[in-house]
Amino acid sequence: MPSTKKPSEKKSTKRPASVPVFQSVKGMSDVLPKEEGWWKAFHEAGMRTAELHDFHLIETPILEPADLFEKGVGASTDIVEKQMYTFRTKGGDRVALRPEGTASVMRAYLEHHLGYFASPLKVFYEGPMFRYERPQAGRERQFHQWGFEVIGDGDPVYDAEVILATMALFKELKSGPLVVKINSIGCKVCRASYREKLKNYYRAREKKLCKDCTRRLEKNPFRLMDCEEEDCKALREEAPIILDYLCQSCNTHFKSVLELVEENGIPYEPDPYLVRGLDYYNRTVFEVWSPSAGSALAGGGRYDYLAEILMGRLVPAVGAAIGIERAISFLKGAMPTPPRKEPVRVFFAAVGDQAKKASLRRMEELRRAGVPVVEALGKRSLKGQLKVADRLKVPLALILGQKEVFEGSVIVRDMVTGAQETALLDRFVEVVKKRLR
Ligand SMILES: [Zn+2]
Ligand SMILES: [Zn+2]
């Protein structure tokens with residue numbers, strides 16, 4: 001019920017004890033202005049890479065039908081089993097906050113028949129994902145991903161293209177050396193026989209497995225390969241590896257991908273234990289690793305069965321996703337400032353009512369000429385305003401006072417030397433541009 005009390009006339013700056021302090025939801029953080037440089041650097045590197053590689057924007061809703069992920073990502077995966085934010089709307093629909101981007105992109109592809117417009121369709125996305133898990137360093141409940149997807153073609157050239165684009169994005173960010181860990185997990189045919197071999201191997205050693213692995217063994221034996229428990233890791237050493245069981249056509253596909261990756265000078269390492277925890281993957285799976293950080297910054301693979309699982313259609317596809325927070329925190333460890341040049345800004349100061357009135361229009365003139373302008377017009381005195389200019393370390397300040405308005409001029413002050421000149425307002429933009437060159 002809305003309060004019937006009238007708001008009190010007197011404004012108090014004190015917060016009454018009964019008013020709660022709001023904080024962001026646990027595991028979900030704010031991206032603050034002080035982080036701007038890093039986020040902009042990532043975003044621009046992504047946009048630039050997408051443009052150069054011909055990937056186009058797709059943006060899907062944050063809420064999707066819950067069963068899109070239950071079916072697509074897989075009911076026995078950690079993501080769906082433990083980490084999804086699922087709820088019913090007032091209308092009774094079961095929806096989920098998206099835990100990843102690929103299932104949504106495929107849903108959009110099928111819903112809008114995007115295959116008719118481009119074959120293959122090459123898209124990128126950028127946005128928040130949600131997974132309910134124990135928040136810890138580098139693992140938030142809301143995090144952001146950048147993704148590349150190529151939908152509608154099974155050719156190994158697209159597996160390589162997705163890996164190339166992902167690596168190009170990191171190169172654009174001057175990330176330093178990264179390595180692609182890569183594996184093939186086969187197709188329906190060859191994976192099934194490998195699955196049996198793997199199950200038999202682990203069944204015979206079930207007593208040594210951890211609790212999680214014992215539970216996963218029947219439903220999803222591949223997951224046993226990336227268990228971090230010491231006993232399970234030791235057992236893995238002797239376990240059969242899929243490369244020995246790939247069918248002819250999967251084998252040829254994998255070889256082609258490796259050849260293309262190698263030919264393009266991408267450092268890679270075959271990793272027979274890499275399986276990725278999502279059900280929709282087949283054939284190529286990969287992760288982009290930072291040897292210095294010892295962790296994966298991106299991951300992806302082929303998902304030829306996803307469209308079939310969702311709508312019974314055969315649409316081969318491949319994609320990758322980069323964890324943006326993780327990439328940024330890795331970059332921060334590798335370099336002191338974001339790998340991005342900030343444009344040079346000028347400061348605009350105005351003193352007196354007339355000058356203040358005129359200043360907005362004058363600032364717009366500069367902006368229209370491509371010069372970013374900052375101000376502190378809320379401060380009355382020139383001294384106060386120039387103090388801000390000093391703090392911002394701008395090279396130039398423009399000062400408009402009563403006298404200047406009257407004369408149709410403006411003072412151009414060099415903030416380093418303190419030297420000043422007067423320019424006519426008619427041509428002050430040219431003067432500024434010349435000085436910034
Ligand atoms: Zn196969
Ligand atoms: Zn285990």
Centroid separation [X] to [Y] less than 6.0 Å:
X	Y	answer
Tyr125	Trp146	no
Tyr305	Tyr280	no
Phe148	Phe124	no

Using modelled atom types only, decide if a donor and an acceptor are shared between the side chain of [X] and the backbone of [Y] within a distance under 3.5 Å.
X	Y	answer
Asn183	Leu274	yes
Lys199	Glu218	yes
Glu100	Thr102	yes
Ser119	Gly115	no
Asp414	Val416	yes
Gln385	Ala350	yes

Review point. Is it the case that Arg98 places NZ or CZ above or below the six-membered ring of Phe130, under 6.0 angstrom from the centre and within 45 degrees of the axis?
Key: no

Check your understanding: Do we get Arg107 above Tyr109's six-membered ring, with its NZ or CZ under 6.0 Å from the centre and within 45° of the axis?
Key -> no

With a 4.0 Å cut-off on N to O distance, would you call [X] and [Y] a salt bridge?
X	Y	value
Arg345	Glu375	no
Lys82	Asp78	yes
Lys34	Glu36	no
Lys211	Glu229	no
Glu149	Lys122	no
Asp159	Arg302	yes
Glu44	Arg340	yes

Exercise for review: Mind listing the closest non-hydrogen atom pair of Trp38 and Pro336 along with its distance?
Suggested key: CZ2-O, 4.0 Å

Revision key, fill the gap. For Gln142 and Glu325, the nearest pair of non-hydrogen atoms, with its separation, is O-OE2, 4.3 Å

Practice item. Using the side-chain hydrogen bond (donor to acceptor under 3.5 Å, both in side chains) rule, take Asp304 and Asn282 through it: C-alpha gap first, then chi angles, then the decisive distance, then the call. Key: CA-CA 7 Å; Asp304 296 337; Asn282 69 306; 3.1 Å; yes

Evaluate the side-chain proximity of [Y] to [X]: yes if any heavy-atom separation is below 4.5 Å, no if none is.
X	Y	result
Lys197	Asn200	no
Thr284	Ile182	yes
Glu81	Lys219	yes
Arg195	Leu198	no
Val31	Trp39	yes
Phe222	Tyr194	yes

Is there a donor in the side chain of [X] and an acceptor in the side chain of [Y], or the other way round, less than 3.5 Å apart?
X	Y	value
Thr49	Glu172	no
Ser249	Arg283	yes
Glu126	His144	no
Arg223	Asn220	no

Practice item. Kindly check if the number of other-residue, nucleotide or ligand heavy atoms within 6.0 Å of CZ (Arg380) is above 12? Key: no

Point to revise | side chain to side chain donor-acceptor pair (under 3.5 Å) contacts touching residues 21-33 (sequence neighbours left out) | key: Ser29-Glu140

